[in-house]
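Below: one structure, written as structure tokens.
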Amino acid sequence: MMEILVTSKKIIANDICLFELASLESDTLPPFSAGAHIDVKMPNGITRQYSLCNHPHESHRYQIAVLKDPASRGGSLAMHQQINEGDHLQISEPRNHFPLVHDAKRSLLFAGGIGITPILCMAERLAHTGADFELHYCTRSPEKTAFIERIQASEFADHVHFHFDDGNGSQKLETAKILASPEPDTHVYVCGPGGFMEHVLETAQAQHWSAEQLHREYFSAGPISSVDDDSFDIKISSTGQVINIPSDKTVIEVLEAFDIEIPFSCESGVCGTCLTRVIEGIPDHKDVFLTEEEQAKNDQFTPCCSRAKSAQLVLDI
Ligand code: FES
């Protein structure tokens, strides 16, 4: 973690705040690539991930946009209410789980609501390199559309199609039409609320786009069902210790009580920080971080929320 300065905080759309962050010690921050995010530690101790949305060539600042979520568990609300210009914050160096495929011939970008943040950074990068791309940006209304002016004034404005829920029929997102023909060397990127992402990804799959062409980043998980949760055992491979996980506790919570610490952040299967290798047993994956193909391998899982289908999981810790 490093300490940085909040140099600016601005409301840029209904319930969306843009924060600019700069180094306390030098003119430059660690570099990042399009699609990267940082972990931000809140004053209340919890950590949340936010995608960087400025041009990845900029080194003097990071920009993050935060939507005030009424269901916030202390992340977005704390950012809106407690963090102000002039404050110091603890952040991680940028990491990227959602990178662009740089040799793609064409890129199709889909953003829903605040999911625009990594997508905007990608658009900046693609425009900078003169790449062929199209951005479809779906929101409820212009008032709820972050960065609308920045996009309209940008050099890539004519690559962007806005789709407003309250707009007329002619501007609605026609996903099946846009994704009608899967071209080799074309890649699809999607970020937004769960329902929006499922719609785009399922439409692409139905039109035979391959898994390698589809890239996604969730910014929050949907509710994780615990109705079928059962107890199971975790075996620590390095020591042979076997620990029972009751149905109402997560693996991380129980292991912490045994002084076995697995790094974690979002606690909801979104960020991948807690990813742990599974040597034996079948995980019950509840995360949105791993792809379906990665989950099917059953050789890693996210102990912050995922559980076990087998009676025991042997973990590589
Ligand atoms: Fe984020 Fe587990 S802590 S996926």
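Order of listing sets the numbers, starting from 1, for every ligand and every atom in it. Because only heavy atoms are used, hydrogens play no part in the values below, and waters and symmetry mates are left out as well, while side chains stay in.
Among residue pairs with one or both ends in residues 173-191, those qualifying as salt bridge (Lys or Arg N to Asp or Glu O under 4.0 Å) are Lys105-Asp185, Glu174-Lys177; sequence neighbours excluded.
In summary, Arg95 and Asp39 engage in a salt bridge, as defined by a charged side-chain N under 4.0 Å from a carboxylate O. Using a cutoff of 4.0 Å between basic side-chain nitrogens and carboxylate oxygens, Glu280 and Lys235 are not scored as salt-bridged.
Judged as a salt bridge (charged side-chain N to carboxylate O under 4.0 Å, His left out), and not counting sequence neighbours, Arg125 has no contacts. In this structure His128 satisfies the ring-ring contact (aromatic ring centres under 6.0 Å, His included) test together with His55, His57, sequence neighbours excluded.
Protein N/O/S atoms found under 2.8 Å from atom 2 (Fe) of ligand 1: Cys274 SG, Cys304 SG.
For Arg106, the CZ atom is densely surrounded, since the number of other residues' heavy atoms within 6.0 Å is greater than 12.
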